[in-house]
Each structure stands twice: as structure tokens, then as C-alpha cells.
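A quick write-up on the structure given underneath.
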2 protein chains.
Amino acid sequence: MKPRITDSTKNASNTKPKIADVAKVAGVSPTTVSRVLNNRGYIGEKTRTKVQQAMEQLNYFPNDIARSLFIQKTYLIGVIFPTTSNPFYGQLIFHLENIAASMGYKTLLCNSQGREDKEKNYLKMLQRNQVDGIIAGAHNRRMEEYDIPSLPVVGVDRYLSENTPVVSSDNYDGGTQATQLLVNKGCKHIIHINGPISLETPANLRRKAYEDTMRENDLTPHTYEVGLDDQEKIIEKLFDENPRVDGVFASDDIIASRVLREAKNRNIDIPSKLKVIGYDGTETTRLLLPELSTIQQPIKEIAEKTIEILIKQINGDNGDVQLETMLPVTLIESETT
Amino acid sequence: MKPRITDSTKNASNTKPKIADVAKVAGVSPTTVSRVLNNRGYIGEKTRTKVQQAMEQLNYFPNDIARSLFIQKTYLIGVIFPTTSNPFYGQLIFHLENIAASMGYKTLLCNSQGREDKEKNYLKMLQRNQVDGIIAGAHNRRMEEYDIPSLPVVGVDRYLSENTPVVSSDNYDGGTQATQLLVNKGCKHIIHINGPISLETPANLRRKAYEDTMRENDLTPHTYEVGLDDQEKIIEKLFDENPRVDGVFASDDIIASRVLREAKNRNIDIPSKLKVIGYDGTETTRLLLPELSTIQQPIKEIAEKTIEILIKQINGDNGDVQLETMLPVTLIESETT
DNA sequence: TTTCATATGTCAACCGGATGACATACAATT
DNA sequence: AATTGTATGTCATCCGGTTGACATATGAAA
């Protein structure tokens, strides 16, 4: 039975209780309270209990701001991605926060919306807030702003700056598997669609793998590039310009979904006339579009590795930090191939 | 042309520069630097420039931790939801963070995963971190822990405690519109599926509206309840037990998607033999499953209203804070009805 | 009886910045 | 010449908690 907090047990003034208040109630010195809180030095069992009861009674919470100021560590990490609304980032951020929390770190969320100005502002904000580290996967060009002396940074699927470690899935292997699957299923006119090209992201290896695999199979690669708002239009164009297309490898599941949709509009049967494979394989896509074949990224493992590297850096173990980490993908063959 | 930070311009010791360092470089007193930072008192134009240059040169960032400690305000808000991985929460959190950022507030992210113990821990963590306010939509039962004197809290689609303001979409209207649409389209055997029942969430008004609307149309309501892991099984059961079902109103789009899937498995044509309507209408669902008819929640508006109420409370305007706010939904009629 | 580990208290300094009080200096007004 | 607004400096205090130095007290072991 947990003690109900009643007005009579709250401290008289309406301000938050501090260590001194706890000390007064427990009948000990502030130092002793601090000793209990930090488990330092000698503490008697009865004293510890008295102090803990006083804290409960007062509804005392140690002020982590004050603590951070002194110990010069906040246990905060900043997480910068374009948006939590996207299934891939949403799932990735979920795992990042989760794992961070399990290691005692708190997550400051930043949605950059793909805008460089926002990203730079967030970067400043995080530094003002003395975060212990930053995880980012927010933009495509390198930004020297990420070269922050003595502030650990890890990139996810993005090269941030010269010396920033990157974690990503094995995009080249994913691209190979996707393309090869279409080839194996007998497709001859396979088209690749990818997002805005930025040569510096590991994700572009998907395209490279596609092109290599096509050539290895004596097929001609043909790639379309979509932006954020022109996806539908470009996909229509793709079908108009390539009536004989019989395979599409889309660089993410949302684009793949649009291809499926357009095919339906044009009464192109899937998978008999056209095979489609996407990329990402998030929980949400699997739930909403289970029929889509896709290359599934190991999102949780990416998050784990990212946090591992970040915390290693925070702890000063810079020795064995790998600059580039690639994690294996999984081919999910469903009904669209 | 922005000045490159070179080793020679960095301060000699490798510690973060503080106001005193800036003062030294600018050749002014620390107080003057503080005055520039906070725009207080008289400052000469040339002095301001000198100070700003010194800050750039040193790559100085004011320590918000120290500042927060003194001004007794962190500009932090805690955001507690089950997971960013879910499209609805992901999109909601995106907007919450966005709007908060535009008002100068930073977002501490907490994924409670629907677990009460995690939620309580987050609540403690947020208080230790002196957040200025909390936004939560994380559980179904009321928790007295949310009754925190002098710490503003706003719930989204969840009743948190007696006096906590709640913002939600007009669930009753949404439920009515969904049900009525199926009725209007000629469905006679309409079944409702909802998530785990917890009488205290506004979302349960969807079910109430369904039942009321059915009765008004002289139809018999019939509801199935799904948990987190048994969705497929229960949906199969639904079809087994109700061969004549010709309309389904699912309480969220993911459940609706599963219904579509099962109907496909059973070769039940949609919409001729069975009409399905979901709830939420997130960006992601609209992209991945545009054919699904649904009731779209005004997620951005919910976020706006939530932040508005929270900040009103933070600023002490407790007078005109509405305890319950309902925002209008939009019927999206697509191909499944 | 002496010694020592345990237990607690007192006190001051510190983390980085904000702020109020007060002093000083200069230029423009009256 | 006196007044006033502008500009800057010095200094001390505070925010809440941490930590080290040191003093003191008690009970148990040597």
C-alpha cells in the first residue's frame, strides 16, 4: 500500500522540495541525503530508510539539471531524422529511444524534415543542451557542422562528415538480392526507381547493385528518380515510356506501393505481368501491405549497433570504433514477385 | 563566408568555452557577454559585434543546463506514447515536436510500449529532468501519478486523471459517420471491431456511436474485440461465425487492413460483397493503402490544440483551459465501400 | 585499552550562467 | 554647469546538487 500524498504531508511552501527539505524531514544532514542518493560512503540501514521515506513523503525528485551541471554529463542524446511519421524512421527511432533508455540515456527528438536550416538549428540546440551524443540520419550532403570536437556523433545510413561512424544495412547486397530475384523470376525489362540522388548516402549502393546485377545478367539497367511530390507523375511516365516493363525494384516500400497502385489502374496483373519488389520491410508496411515483396532492413539491429558505437565513444573508447558498419538484410518474398 | 574553425582559433584547453572565455576574447566583462546573450540593459553596437565574433571564434554555445537551473525553466516537454513506430503516433509525435520546436520547446521522447511500469518510470524521469510540461497518450487506465501539482499535463485521446485536459478527435461523430456510410451503402450485417476495451478512453465512443447508429437503423450491433497479437485469429473467427457479414467498421486502419486481407483469402469481393471502413487515415495508410475508406483524424490539429493548451498552462493561464476538446473528423470514401 | 571500520555532521568550493546593486565614464541636453 | 541617458565594469548571490576535507561518535575487534 503506497502512501497517499495528502496536503498535510506536502511541504508548506508550494515549491519543489530540495535536498535540504528532505534532510530536514528525515532529520539528517543534506550531505547524508546526497550520500543515500548516490550510494556513496557509509550509510546506515535505518538512515537510508528514513531518507527514502522522507523523499516519498515530500514527493521529492532529485533535480537532474543541477546534477548534470556539476557532473558535466546529461545522459541526453539528440536524435535527428527527417520525420517520425515515416514508417522506417518511426520504427528506427522507436528502437533507438528504447535501447538508449535501457542504458540510462534520454532522447531529445528532432524532426528535421529534410531541411538543412532546421538541421543546423537542431545541432545548435543540442549543443546548448549539452547532449552527450548525437545520432543523425537527416540529410544527404556532408555538413561540416557535424565535425564537433569531443561530441560523439553516429550516422544512420548517412555520411555526416569525414570521421563520423555510419551504420546502415547492407544496401549493396539488398540491391543485388532484389534485382537478382526479379531476374530469376524471368523478368527482362526491370526498372529501378530511387529517391532523390545524393551520391553520398550508402542507400545509393542499392542502385549501384541493381546496375551491376543487370549487367551481369546481360540486361540494360534503367533508373527513374523520384522526388517527394512527383512520385505519381513519374511512375505514370515510367509506364507510359516502358510498356514492356515486367519488373520494378523500388528503393523503398512506399514507392513500390505506388507502382502497385498504378499497375492496378492500368489493369496490369501482378505478379503475372509485372513483378514488384520494395525496400525497407517495416512493421507497418508488413501489416498494411503484406503482399509486397521487399528487402527488409534489420532496423532493431541498426539501432542497437548505433547506440553501441555512440556510447562507446561517449565513454571514450575511441579505439575500436568502426567507421562503417553494415548489417545483413532479409529478402521477404511475398505475392508481388 | 563563414569563418572556418581552425585549431589556432580554438581555445587552448580542450574544454568547452564558457562566458568568461568569451569575455576574455572579446575584451569585455562576463556581465557584458551575458547582457548581449539576453539582450538586457544597454549594449553598444560595436560591443555586441565584438562579443558575437568572439562567440563564433570560440565556437561558444551557451550552457542551457546552467541557464535552466537559474531561471527555473527548461523549455523541455515530455512526450509519452506507446511507440513512434505506429503510423498514428508517429505522425502525431512528428507534429507535436514540430509545433513545440516552433515555440521554443524541446521534446523528450518516451515510448511506453503500453506498459504501465515503463510509463511510471518515464514520469519520474521527466520530473527529475524538470520538464515544463507533459503530453501523454500512453495508457488506458487513469493513473494518479499524473496528478502532479504544478506540472502541466495534457492527454491525447486518453483520460489521464480527474483534472487533466484531453484533446481528441470527435470519436462519436466518426463512429456515426462510418457506420452510417455502411448502412447507406446497403449493408445489413455490419460488424465492428475494436482494440482492447478500456472504458475510459474517448476512442470508445466510436463503438458507442456504432451501436447507437445500428439501433437507429433497426440493425443489431455486433462487436469483436482484438488484442495486440490475436488480430488475425479473431478476424478469421469473425468471418467463420458471420458468413453473411457485408460491412465491417474497424476501429483503426491496421485492423481494417487485416480484414481486407482475410476477405481476399476467402475470395470475398470488395466492395461488392463486403464493405470495409477503417479509422485514423494517417499519411502512411493513405500512401500504402489508398483504396481503404476511412475516418481521418485531424492529427495536426490535435497536435496544435494539445500544445496550445499545454503552453497555456505552463504560462499559468489556467483560467480558460478547456477540460475536453474534440476536433472534427473527415470521412474519406475510397474503394472499399 | 587501543584501534579501526562504520556512520554522520559541518563546511566550503564548484558546475555555468543570471541578475541586482552599485560605481564609473562619457556624451548629449537643458 | 548640472542633468540625464547610454554604456560598461565589479562584485556578490543564487539556482540545486556533488564532492572532498575534516571532525566526531559509536561499537566491535584486537
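Every heavy atom of this structure was used, including side-chain atoms; hydrogens, water molecules and symmetry mates were not. None of these values were measured; they are calculated from a predicted model. The chains referred to below are lettered A, B, ... by the order of the sequence lines, with proteins before strands, and numbering in each begins at 1.
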Around atom NZ of B:Lys124, are there more than 12 heavy atoms of other residues, nucleotides or ligands at under 6.0 Å?
no

Donor on one side chain, acceptor on other, A:Ser34 and A:Thr31, under 3.5 Å
no

Between C:dG16 (P) and A:Lys73 (NZ): distance, integer Å:
16 Å

A:Arg115 side chain to A:Asn121 side chain, donor-acceptor N/O pair below 3.5 angstrom
no

What pairs with B:Asp64 under salt bridge (Lys or Arg N to Asp or Glu O under 4.0 Å), at least two apart in sequence or on another chain?
A:Arg128, B:Lys106

Going by atom types only, do B:Tyr146 and B:Glu119 share a side-chain donor-acceptor pair under 3.5 Å?
yes

Taking N or O atoms only and anything under 3.5 Å, show me the protein contacts with nucleotides 15-21 of chain D, one pair per line.
from: D:dG16; atom 1: OP1; to: B:Gln72; atom 2: NE2; distance (Å): 3.1
from: D:dG16; atom 1: OP2; to: A:Lys18; atom 2: NZ; distance (Å): 2.4
from: D:dG16; atom 1: N2; to: A:Ala66; atom 2: O; distance (Å): 3.3
from: D:dG17; atom 1: OP1; to: A:Tyr60; atom 2: OH; distance (Å): 2.6
from: D:dG17; atom 1: OP1; to: A:Asn63; atom 2: N; distance (Å): 3.4
from: D:dG17; atom 1: OP2; to: A:Ile19; atom 2: N; distance (Å): 2.7
from: D:dT18; atom 1: OP1; to: A:Asn38; atom 2: OD1; distance (Å): 3.4
from: D:dT18; atom 1: OP1; to: A:Asn38; atom 2: ND2; distance (Å): 3.4
from: D:dT18; atom 1: OP1; to: A:Arg67; atom 2: NE; distance (Å): 2.8
from: D:dT18; atom 1: OP2; to: A:Ser34; atom 2: OG; distance (Å): 3.3
from: D:dT18; atom 1: OP2; to: A:Asn38; atom 2: ND2; distance (Å): 3.4
from: D:dG20; atom 1: OP2; to: A:Arg40; atom 2: NH1; distance (Å): 3.2

Can you tell me which residue pairs pass the ring-ring contact (aromatic ring centres under 6.0 Å, His included) test with a partner in residues 16-41 of chain A, sequence neighbours excluded?
none

Before accepting this row, confirm whether a basic side-chain N of the pair A:Glu301/A:Lys305 lies closer than 4.0 Å to the acidic partner's carboxylate O.
no

When every nucleotide of nucleotides 2-7 of chain C is labelled 5' to 3' by its protein contacts under 4.0 Å (heavy atoms), B for base, S for sugar-phosphate only, - for none, what sequence of letters results?
---SBB

Qualifying ring-ring contact (aromatic ring centres under 6.0 Å, His included) pairs, either residue in residues 103-133 of chain B, two or more places apart
B:Tyr75-B:Tyr105

Take nucleotides 23-30 of chain D nucleotide by nucleotide from the 5' end and write B, S or -, depending on whether a protein heavy atom sits under 4.0 Å from the base, only from the sugar-phosphate, or from neither.
--------

Would a 4.5 Å heavy-atom cut-off, applied to side chains only, mark A:Met143 and A:Leu160 as touching?
no

So with a 6.0 Å cut-off around NZ of B:Lys300, is the heavy-atom count from everything else above 12?
no

